[in-house]
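Quick note on labels: first sequence line is chain A, next is B, and so on, each numbered from 1. All heavy atoms count here, side chains included; hydrogens, waters and symmetry mates do not.
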Amino acid sequence: MVQPTIPPYSYSGLFRFTIRPFNSWALALKNASSPRKALDLYSQMHRRSIPFDSFSILFMLNSCAPLHNSNLIAHLHSHILKLGFISHVYVATSLLRAYVLASFNYARKLFDETPERNVVTWNIMITGYSRSGDINKAHALFEAMPLRDVASWSAMIAAFMNNGKLNSGFSCFREMVASERYKPDQLTVGLALGGCAHMGSLGLLVGKSVHGFMVKNGWGLDVKIGTILVDMYAKCGLLKLACIVFNLMQQRNVMTWTALICGFAQHGYSEEALSFFEAMQDIGVRPNELTFTGILNACAHRGLVEEGRKYFNMIEQNGLEARIQHYGCMVDLFGKAGLLEEAYQLITTMKVEPNVVIWGSFLSGCKEHKQFEIAERVTKQLLERIEPESDAGVYSLICDLYVLNGKWDDAERVRKVMVGQNVRKVRGSSFITRS
DNA sequence: CGGATTGGCG
């Protein structure tokens with residue numbers, strides 16, 4: 001007997017028989033290059049009285065979700081209610097996700113008030129609790145949900161990993177494998193291996209067993225899987241194994257090369273990283289933004305100023321945009337080389353707003369090379385702009401610089417602000433123990 | 001003619 005195929009609109013009788021003329025505006029919203037552009041289209045649709053269908057409102061939600069603007073989402077929410085699309089499962093889940101990103105309290109309210117929950121909504125809420133740092137609530141939700149799928153497990157593993165509970169993340173992964181009801185996919189395994197990269201030698205142990213799982217289940221070394229493995233081994237410092245996996249792969253893409261390059265750069269093998277980069281270009285693989293981060297890191301590590309300049313210029317030559325990390329590497333490189341004027345020039349002319357990382361490397365360059373004049377030039381405006389409680393490192397750098405320069409009064413003044421705000425310098429740790 | 005929700009990013 002022939003089974004009837006369930007039409008995609010069968011979840012709600014409301015939409016099954018509605019006549020839906022093709023809406024090219026929806027496509028435009030989907031392909032909107034930026035949230036700004038999407039908003040522009042949205043208001044144009046209002047002005048020209050273009051009717052909204054479920055697609056246009058859905059794409060609108062997705063395009064604007066990265067803005068994290070709860071007012072905007074609330075506006076779209078009321079529009080959705082007005083159109084009656086709140087009973088549309090896809091629209092409703094997208095709305096929930098947008099709320100999770102913008103304002104988790106609203107999302108929680110919406111979730112609590114909506115009786116129609118499904119796996120996807122539960123999964124979204126797990127991520128929501130994870131993002132707000134409430135790992136216990138996330139886990140409770142995971143335990144309480146009536147039905148799970150691979151995404152639920154991934155969400156839970158990611159929640160543990162992102163909240164520094166690496167061991168719990170691994171046990172969750174093991175539990176998933178042991179249950180034999182759910183098969184980890186590339187994303188799940190990627191999460192597990194990503195956690196390994198932050199655990200040093202212990203991570204390597206787990207990583208190898210995850211690798212074993214992949215082999216046992218007959219996962220071939222395709223580009224994605226191979227790249228994940230290269231990345232894990234490289235990050236753990238097992239560069240030889242990273243190379244072995246790399247060589248075993250039949251096909252490689254930019255990310256494969258980038259994983260190798262970043263790994264070597266990160267562990268101080270700058271020359272190797274640079275020669276991999278040349279080899280990559282020789283066979284015609286175009287670098288991306290992350291590749292350049294690795295390369296510039298390699299240069300900063302060895303103090304290769306000339307090469308650094310050359311590679312930095314190559315970013316735009318490759319049709320890419322210099323990101324804040326690239327500027328950070330350059331400031332670090334210039335700062336370590338004592339070229340503080342050049343570093344300052346770069347900071348003032350760069351297209352993105354400098355962050356504390358940038359100012360931090362700049363000031364430590366000043367400290368190392370005793371360049372107090374130029375440090376003082378930026379300190380004054382910097383003190384007005386940054387928050388003492390969030391940028392403790394920069395504050396103590398400023399303090400150090402004043403002390404080294406013999407400006408005790410200024411040092412005392414900055415110190416008082418720090419004490420008043422109860423600023424403590426966060427100590428570095430080789431183990432992730434974020435709480 | 002045609003399009004669609006979740007898990008994670010460096």
Side-chain angles (χ1 to χ4, degrees), chain A residues 7-9 11-12 15 20-32 53-63 65-66 80 85-101 107 111 114 116-131 138 141-142 145 147-163 169 172-173 176 182 184-195 197-198 224 227-228 230-232 234-235 254-256 258-259 261-263 265-266 288-294 297 323-326 328:
Chain A
Y9 298 100
Y11 43 72
S12 167
F15 303 104
R20 297 181 301 104
F22 183 73
N23 191 344
S24 59
W25 288 84
L27 259 191
L29 279 169
K30 187 196 178 194
N31 299 326
D53 61 1
S54 60
F55 287 97
S56 43
I57 205 83
L58 184 86
F59 293 140
M60 182 62 198
L61 273 171
N62 289 343
S63 303
I80 288 166
F85 288 152
I86 197 68
S87 58
H88 188 298
V89 178
Y90 283 25
V91 171
T93 42
S94 273
L95 176 69
L96 185 69
R97 182 182 136 76
Y99 267 133
V100 162
L101 295 176
F111 182 73
T114 315
E116 284 169 46
R117 298 172 185 176
N118 57 40
V119 203
V120 182
T121 3
W122 284 89
N123 293 347
I124 291 171
M125 289 310 285
I126 289 175
T127 312
Y129 278 110
S130 161
R131 287 173 59 97
L141 225 64
F142 177 74
M145 63 194 290
L147 190 74
R148 292 176 191 162
D149 63 4
V150 185
S152 323
W153 286 91
S154 289
M156 195 60 240
I157 293 167
F160 281 129
M161 297 298 187
N162 293 334
N163 283 280
C172 194
F173 179 76
M176 178 188 185
Y182 308 92
D185 59 9
Q186 294 183 346
L187 206 99
T188 329
V189 164
L191 285 167
L193 291 180
H198 298 284
K224 257 192 167 151
T227 303
I228 297 173
V230 170
D231 191 50
M232 187 272 295
K235 279 201 180 113
V254 214
M255 290 310 293
T256 325
T258 301
I261 290 168
C262 290
Q266 186 190 325
N288 65 18
E289 275 110 344
L290 196 63
T291 323
F292 280 108
T293 310
N297 251 327
R323 300 279 175 93
I324 191 113
Q325 299 96 317
H326 303 129

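Spacing between atom CZ of A:Phe55 and atom C1' of B:dA4 amounts to 5 Å, rounded to whole angstrom units. Note: CG (A:Asn31) to C1' (B:dA4) measures 13 Å, nearest angstrom. The CG atom of A:Leu147 sits 16 Å away from the C1' atom of B:dT5 (whole-angstrom rounding). A:Met125 places its CE atom 15 Å from the C1' atom of B:dT5, with the value rounded to the nearest Å.
Ring centroid separation for the pair A:Phe142 and A:Trp153 comes in under the 6.0 Å cut-off.
Contacts of A:Thr188 classified as side chain to side chain donor-acceptor pair (under 3.5 Å), with partners at least two apart in sequence or in another chain: A:Ser154, A:Asp185. For A:Ala197, the side-chain contact (heavy atoms from CB on, under 4.5 Å) criterion is met by A:Lys235, not counting sequence neighbours. Every residue meeting the side-chain contact (heavy atoms from CB on, under 4.5 Å) condition with A:Asn31, not counting sequence neighbours, appears here in chain and number order: A:Leu27. Residues forming a salt bridge (Lys or Arg N to Asp or Glu O under 4.0 Å) with A:Arg323 (at least two apart in sequence, or on another chain): A:Glu289.
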Which atoms of nucleotides 6-10 of chain B (N or O only) lie under 3.5 Å from a protein N or O atom, and what are those distances?
residue, atom, partner, partner atom, Å
B:dT6, OP1, A:Arg97, NE, 3.4
B:dT6, O2, A:Asn123, ND2, 2.7
B:dG7, OP1, A:Arg97, NH1, 2.9
B:dG7, N1, A:Asp185, OD2, 3.3
B:dG7, N2, A:Ser154, OG, 3.1
B:dG7, N2, A:Asp185, OD1, 3.4
B:dG7, N2, A:Asp185, OD2, 3.1
B:dG7, N3, A:Ser154, OG, 3.3

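Contacts classified as salt bridge (charged side-chain N to carboxylate O under 4.0 Å, His left out) and involving residues 88-98 of chain A (residues at least two apart or in different chains) are not found.
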